[in-house]
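In what follows, every heavy atom counts, from backbone to side chain, and hydrogens, waters and symmetry copies are set aside.
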Amino acid sequence: GAWYADAVNWTAAQGIVAGMGENSFAPDAPVTREQLAAFFYRYAENILKLDVSDRTSLEEFPDHGESFNYSKECLSWACAVGLMQGSSNGDVIYLRPKQSATRAQMAVMLMRFCEDVVPALPEIPETPEDPETPEDPETPEVPETPEDPETPEVPEVPETPEVPEN
């Protein structure tokens, strides 16, 4: 199988992706803005079990009618929670649902999702750098290693007696 097969199967089983119709995933196709909205919406709903009932009207975007039916609810939610804000062309703000998402747009959406949509996780207390390890009464003390019995002892050399000078 393809290197991405496990990920595709997992996201499909979780209801995050639905493919491109007729059991096709189109792994090399670019991801559109409406598809990203759907991915985030379904992840929030199916995996995080978040309330995804927020909606905003898409009527303010002159191109809102270009989106597929499956994505309208997802786009409305994504705009309501601030994931998507449209892109301006002069004084007009467009939704651009069929446009491929840039890496920058994806990064902004992911940051907004993590900071504004995903509930704050509880803080994990910091671990001290040098934690004191309590003594374990069940762990026996290891005796100091005795000198190696196979190493021969070196005898002391007796002092040489002084020879008188003539």
- Do other residues, nucleotides or ligands put more than 12 heavy atoms under 6.0 Å from D116 CG? yes
- Query: CZ of R96 to CD of E34: how many Å apart, nearest 0.5 Å?
  - Reply: 14.0 Å
- Is any side-chain heavy atom of L50 closer than 4.5 Å to a side-chain heavy atom of P119? yes
- Item | Approximate separation, where rounding is to 0.5 Å, of E73 CD and S71 OG | 10.5 Å
- Task: Can you establish whether the number of heavy atoms outside Y70 located under 6.0 Å from its atom OH is more than 12?
- Result: yes
- Nearest heavy atoms of I16 and N46, plus distance in Å: N-ND2, 4.4 Å
- Message: Centroid separation under 6.0 Å, is that true for the rings of F61 and Y94?
- Response: no
- Message: I need the Q105 CD to L83 CG distance, nearest 0.5 Å.
- Response: 13.0 Å
- Message: Please check: side-chain N/O of K49 versus main-chain N/O of A44, any donor-acceptor pairing under 3.5 Å?
- Response: no
- Output the distance between atom CG (L36) and atom OG (S100), rounded to the nearest 0.5 Å. 9.5 Å
- Report yes or no: does T11 contribute a side-chain atom to a donor-acceptor pair with the main-chain N or O of A7 at less than 3.5 Å? yes
- Task: Starting at OG1 of T32, measure out to CD of E66 and round the result to the nearest 0.5 Å.
- Result: 11.5 Å
- For the residue pair W77 and F113, what are the closest heavy atoms and their distance? CH2-CE1, 4.1 Å
